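Only a predicted model underlies this, so the values are computations on that prediction, with no experimental measurement involved. By convention in this document, chain letters (A, B, ...) are assigned in the order of the sequence lines, proteins followed by strands, and residues within each chain are numbered from 1.
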Amino acid sequence: MPSGEYDPDTAEPRWQRRWVDEETYAYPDDPVDPNTAFSIDTPPPTVSGNLHWGHVYGSILQDIVARFHRMYDSEVLYPFGYDDNGIASERLTERELDVRHQEFERREFQQHCRDVCLEYEENFTEKMQGVGLSIDWNNTYRTISPEVQRVSQLSFIDLYEQGREYRQEAPAIWCPDCETAISQVETEDDERDSHFHDIEFGVAGASADADDAFTISTTRPELLPACVAVFVHPDDDANQDLVGETAEIPLFGHEVPILADDRVDMETGSGIVMCCTFGDQTDIEWYQAHDLDLRIAIDASGHMTDVADGYAGLHAATGAREVIVDDLDDVGALLDRRAIEHTVNVHERCGTGIEFLVTEQWYIEVLDRTDEYLEAGRGMEWFPDKMFTRYEHWVEGLQWDWLISRQRSSGIPFPVWYCADCDHEIVAEKSALPVDPLSDDPPVDACPECGHAEFVPEDDVLDTWATSSLTPLINAGWDWDENAGEFTMDRPEVYPMDVRPQGHDIISFWLFHTVIKCYEHTGEVPFESTMINGMVLDENREKMSKSKGNVVDPDRVLAEYPVDAARYWAAGSAIGDDLPYQEKGLRAGEKLIRKLWNASKLVESLASEPYPEAPADGLHEIDRWLLGELDREIDTLTDRLANREFSKARDGLRSFFWNTFCDDYLEIAKQRDDPSAAYTLRTAHRRFLKLFAPVLAHVTEELWQDMYADIAGTGDAVGADAGSDAAGDSIHLAGWPEPLGLDADTDAGVAAMAVVGALRRYKSENQLPLTAELDAVEVYADVGSFEADITGVMHVDDLTVHPDAEAPVETVITGIDLEYATVGPKYGDRVGDIESAIAADDYETDGEELHVAGVTLGPEEFSIEEDGQYAGEGKLLDDDVVVIVRNAVEA
RNA sequence: GGGCUCGUGGUCUAGCUGGUUAUGACGCGGCCUUUACAAGGCUGAGGUCGGCGGUUCGAACCCGCCCGAGCCCA
């Protein structure tokens, strides 16, 4: 029985432990009806450090969805994963153990990664449980685990067999310091001091009348030996005569074509730009679009190659650049040199400026099916709708197939070997997966192509997105059945999954890649819906970042506030919108928790039986009214939760509970002691607990256990919801309330509450205690059989109700309200005249019609605005529902 | 540089396909010891809806430009 104050510091950890220990949220092992199973593709956080507030925020939104559907549908699969096969986890491991990955054989280093990550993962688990997430901790996965490696390699082989993967020599982003290819997400922009150099290029064989030289501005003169073309914008009239000529590179002397391309930025430097293989992304595009030569001037370690003639062996950035600039100056080709600050693409790990190196890489073909992938995206329901646009633009703007190979030493290996003689690709047997070609033998003794018996293992590993894009299949238990010769699922009922929750920053990565991979493997869109949450900002609506020092530490917040308060705050967001962290939002949550606790105490003291029976002679009208209003709130709330309208759901329920239930109904119920009130108090209270349960997971559980769990569990409960309450011993396993559908006189209820409100205001304004007696009150409205309730709660000695009588008030016409929805379109620009005539009192009403400004409006087109004036004894409180009070106490 | 999104009282927000007086919460002022809660109740003040222009009888809402913020892609 709830007494005293609620103590979240002990209650919240207690329930969190119980939920885990008793496996409250376990998904059943037995097959589940696909119609009631609800599945969530939980985002697996990257194991690279500690959880931040953004994780907490996103997780709470997922959990609200999970808890709602667990009550509303039935079985919910809410799994959890740890993404620990990426470079971030390798770095964490190197940092923790103070080692370098190169010191180990691949499997050995992977083992170290697994050990280190395990510690962090335990910490993640603890944190997630501390937020009260209803995750099924029996269903967790690690992306570095053998099971997931098997899924990932199966995926590679399936796509390979479908002909959707190919190997090609192509430029890749390369870190010359770490000596590895990296993906674009591993790079970041950095402001660097640099120099802009104006360099004079010659025009080879220039005719006498043409210019024989032009200027190029560059920050990277050391790339001159790698120059393979010069570009001019097609709209650049001043330099158009150069197009078609041949340029001569200063110092190095080789000749390259001068071409036109609209990717040239005419605003930068001279508007003429050199294309080197490779200085930046655009160079790669030009190289491919114009089929240019390849001149590699910088090697894998960042030093100049033989292409750079006498500069070979010098380090490009720290040696060759200055020497080349000096030499250009000596031959008079350096026209100008000025200091600038510009943005450089660097490797986020070491800060080294990235290069582009041509290497052999594996790709998944995507460009040929963008139409299908667009259609697949349309096949999902998007919360919010507007986020689909990002997916759409990403797919429409795709320029490259998906590069999935990485030259890292840890990660999931490609299950591939090559014939040492003819380079024929040999793929592992599906039944043998997972394999590591570096330590496992290929499935054949001799090359099926040429018979050669020696093989070279592929030592690349898969892009981490190539694995994390399989989470729906991992969750569904996708595998290859060797005997049946087909792919199977342990839990086919969860696929496609009901919802993919994630941030909008990775729509183009995680979501897109998951959709296309699962689509190719199963022919189905992997999600019924996707829920895209916004970012968490700081109190000033700015992005949280370590450098700004405005990062919110989850531990600190949760030490100070109940988790339920944090959950209340998170539920205050419109899905897809960014949400600023606000302490006042958490404090408002605390207040609601306290209100719910105190109201529960009152309910218990007013109605001692947890499940009282409904009175045989029926419910009082006010009780039917309250339960009827609650029905409507349930309908509204259910729709809002189903549409992921968290903020509206939360605020609507809060208002109804606080204003209607606590302020109106409970105040009246306090004055009563009858079976109808007891039944209603308890029925409404149990329903409120359930409706709040998805958001306020802990306090509702505490109250439920205190007040209802014992009897609900025995099956002795009677009355509304008794059947579904008995289903489990946690409120989170109880059934979501269905509307009771009682007949209720809603209009009378609303009128009665208006009377009560008016009387309450009257007392407040006259500085009377709310318990003060009122001598006489007259009401000119139909309040049904609410009279006793009004007199009880407002302490009215003599209440007279005139349901049909004309109120003794004189109505004064104060104006005319136009029905703009009909008047506007009908009279168009004459509306202005009508309005000014009304304002000038220049109109006549004639029964049903209004004559104004030369037109006649029908009864549907206007309404008369009138004020009630009362000259009799007493005071008129409200002229909507006419309430007159005569009271001796009032001065 | 391109795309997408957001901008509503001091703060956070509701406002659906344009239509009377722009919603609620937090904070602020005043009043009320009322047998669940003073961390409560009642009540009041506070907004030219980022700016400018346009469409319209009528714009927070539709269109254009600009400013500020965020994300993604260059």
Side-chain angles (χ1 to χ4, degrees), chain A residues 2-6 184 189 263 265 267-268 280-282 285 343 345 384 386-394 396-399 503-509 532 534-535 537 539-543 568-569 572-574 576-606 645 647-648 650-652 654-655 658-659 662-663 666-667 669-671 757 760-772 793 795 815-835 862-863 865:
Chain A
S3 60
E5 293 207 359
Y6 174 57
Q184 189 167 358
D189 287 344
R263 278 166 280 208
D265 177 6
E267 305 302 315
T268 304
D280 63 21
Q281 199 76 34
T282 317
E285 291 178 32
T343 310
N345 213 216
K386 63 188 178 190
M387 288 296 175
F388 173 69
T389 312
R390 299 206 181 185
Y391 180 95
E392 193 176 26
H393 284 228
W394 169 257
E396 284 172 349
L398 278 171
Q399 304 277 349
H504 56 61
D505 50 336
I506 50 173
I507 289 174
S508 49
F509 292 95
I532 310 292
M535 298 285 161
L537 309 174
E539 306 227 64
N540 302 315
R541 267 198 167 276
E542 287 190 33
K543 192 191 171 187
Y568 176 86
W569 162 80
S573 61
D577 286 358
D578 294 343
L579 183 68
Y581 172 78
Q582 292 275 335
E583 294 229 10
K584 49 187 91 164
L586 284 110
R587 274 188 238 114
E590 278 189 298
K591 287 171 71 169
L592 178 59
I593 293 166
R594 194 174 303 116
K595 191 76 179 176
L596 187 57
W597 182 264
N598 288 324
S600 300
K601 286 201 293 190
L602 180 62
V603 166
E604 181 140 82
S605 71
L606 293 173
E645 296 173 310
S647 174
K648 289 183 193 175
R650 182 195 78 164
D651 293 344
R654 180 194 179 280
S655 298
W658 203 305
N659 302 329
C662 293
D663 292 345
L666 277 183
E667 290 301 330
K670 267 187 200 175
Q671 317 293 329
R760 202 155 46 199
R761 267 192 301 281
Y762 170 80
K763 290 184 176 182
S764 180
E765 281 164 8
N766 289 284
Q767 308 193 6
L768 295 169
L770 284 175
T771 49
V793 68
H795 303 268
I816 301 289
D817 285 333
L818 296 174
E819 284 301 322
Y820 284 97
T822 47
V823 173
K826 187 168 170 185
Y827 295 101
D829 53 10
R830 292 165 71 186
V831 170
D833 297 340
I834 295 172
E835 284 173 331
F862 72 99
S863 58
E865 184 189 304

[X] has an atom [atom1]; how far is it from atom [atom2] of [N], in whole Å?
| X | N | atom1 | atom2 | result |
| --- | --- | --- | --- | --- |
| A:Glu604 | B:U35 | CD | P | 20 Å |
| A:Ile593 | B:A39 | CD1 | P | 17 Å |
| A:Glu396 | B:C73 | CD | P | 17 Å |
| A:Met387 | B:C72 | CE | P | 12 Å |
| A:His504 | B:C73 | NE2 | P | 12 Å |
| A:Tyr6 | B:A39 | OH | C1' | 16 Å |
| A:Trp597 | B:C37 | CH2 | C1' | 13 Å |
| A:Leu586 | B:G27 | CG | C1' | 16 Å |

Roughly how many Å apart are [M] and [N], using the [atom1] atom of each and rounding to a whole number?
| N | M | atom1 | answer |
| --- | --- | --- | --- |
| B:C52 | B:C71 | C1' | 27 Å |
| B:G9 | B:G46 | C1' | 6 Å |
| B:A38 | B:U33 | C1' | 8 Å |
| B:A22 | B:C28 | P | 25 Å |
| B:G10 | B:A45 | P | 16 Å |
| B:A60 | B:G1 | P | 32 Å |
| B:G53 | B:C12 | P | 27 Å |
| B:C16 | B:A36 | P | 42 Å |

As a test of reading the structure: which of [options] is closest to the side chain of [X], going by heavy atoms?
| X | options | result |
| --- | --- | --- |
| A:Asp663 | B:C73, B:G41, B:U11 | B:G41 |
| A:Arg390 | B:C71, B:A36, B:G41 | B:C71 |
| A:Asp505 | B:U11, B:C37, B:C72 | B:C72 |
| A:Arg594 | B:C72, B:G40, B:C4 | B:G40 |
| A:Lys601 | B:A14, B:A36, B:G41 | B:A36 |

So, does [X] get its side chain near the phosphate of [N], meaning an N or O under 4.0 Å from OP1 or OP2?
| X | N | result |
| --- | --- | --- |
| A:Lys591 | B:C26 | yes |
| A:Trp658 | B:G41 | yes |
| A:Lys595 | B:G41 | yes |

Contact class for [X] (heavy atom, under 4.0 Å): base, sugar-phosphate, or nothing?
| X | value |
| --- | --- |
| A:Asp578 | sugar-phosphate |
| A:Lys386 | sugar-phosphate |
| A:Lys670 | base |
| A:Arg654 | sugar-phosphate |
| A:Glu667 | base |

For this session: Indicate the atoms forming the closest heavy-atom contact of A:Gly576 with A:Met387, along with that distance.
Result: O-CE, 3.6 Å
Exercise. Of all heavy-atom pairs between A:Ile532 and A:Gly503, which one has the smallest distance, and what is that distance?
Worked result: CG2-C, 3.9 Å
For this session: Would you sort out whether A:Lys584 and A:Arg587 count as a side chain to side chain contact (heavy atoms under 4.5 Å, CB included), showing the intermediate values?
Result: CA-CA 5 Å; A:Lys584 49 187 91 164; A:Arg587 274 188 238 114; 4.0 Å; yes
For this session: Check the pair A:Tyr6 / A:Leu596 against side chain to side chain contact (heavy atoms under 4.5 Å, CB included), numbers first and verdict last.
Result: CA-CA 10 Å; A:Tyr6 174 57; A:Leu596 187 57; over 6 Å; no
For this session: Give a yes or no on whether a salt bridge exists between A:Asp577 and A:Lys386, defined as a side-chain N under 4.0 angstrom from a carboxylate O.
Result: yes
For this session: Using a strict 4.0 Å threshold on nitrogen-to-oxygen distance, state whether A:Lys670 and A:Glu667 make a salt bridge.
Result: yes
Could you identify the nucleotide paired to [N], looking across every strand shown and requiring Watson-Crick or G-U wobble geometry with both distances under 3.5 Å?
| N | result |
| --- | --- |
| B:U35 | none |
| B:U23 | none |
| B:G58 | none |
| B:G44 | B:C28 |
| B:G68 | B:C6 |

Seminar exercise, completed: Assert: residue with more 5' nearest nucleotide on RNA chain B, out of A:Trp394 and A:Asp651, is A:Asp651
Problem set entry | 5' precedence on RNA chain B between A:Pro580 and A:Ser508 (nearest-nucleotide basis) | A:Pro580
For this session: Kindly determine whether A:Glu645 and A:Asp651 satisfy side chain to side chain contact (heavy atoms under 4.5 Å, CB included), including the steps that lead there.
Result: CA-CA 10 Å; A:Glu645 296 173 310; A:Asp651 293 344; over 6 Å; no
For this session: Check if the side chain of A:Lys584 and the base of B:C12 share a donor-acceptor pair of N or O atoms closer than 3.5 Å.
Result: no
For this session: Mark yes or no: A:Arg650 above the aromatic ring of A:Tyr568, with NZ or CZ under 6.0 Å from the six-membered ring centre and no more than 45 degrees from the axis.
Result: yes
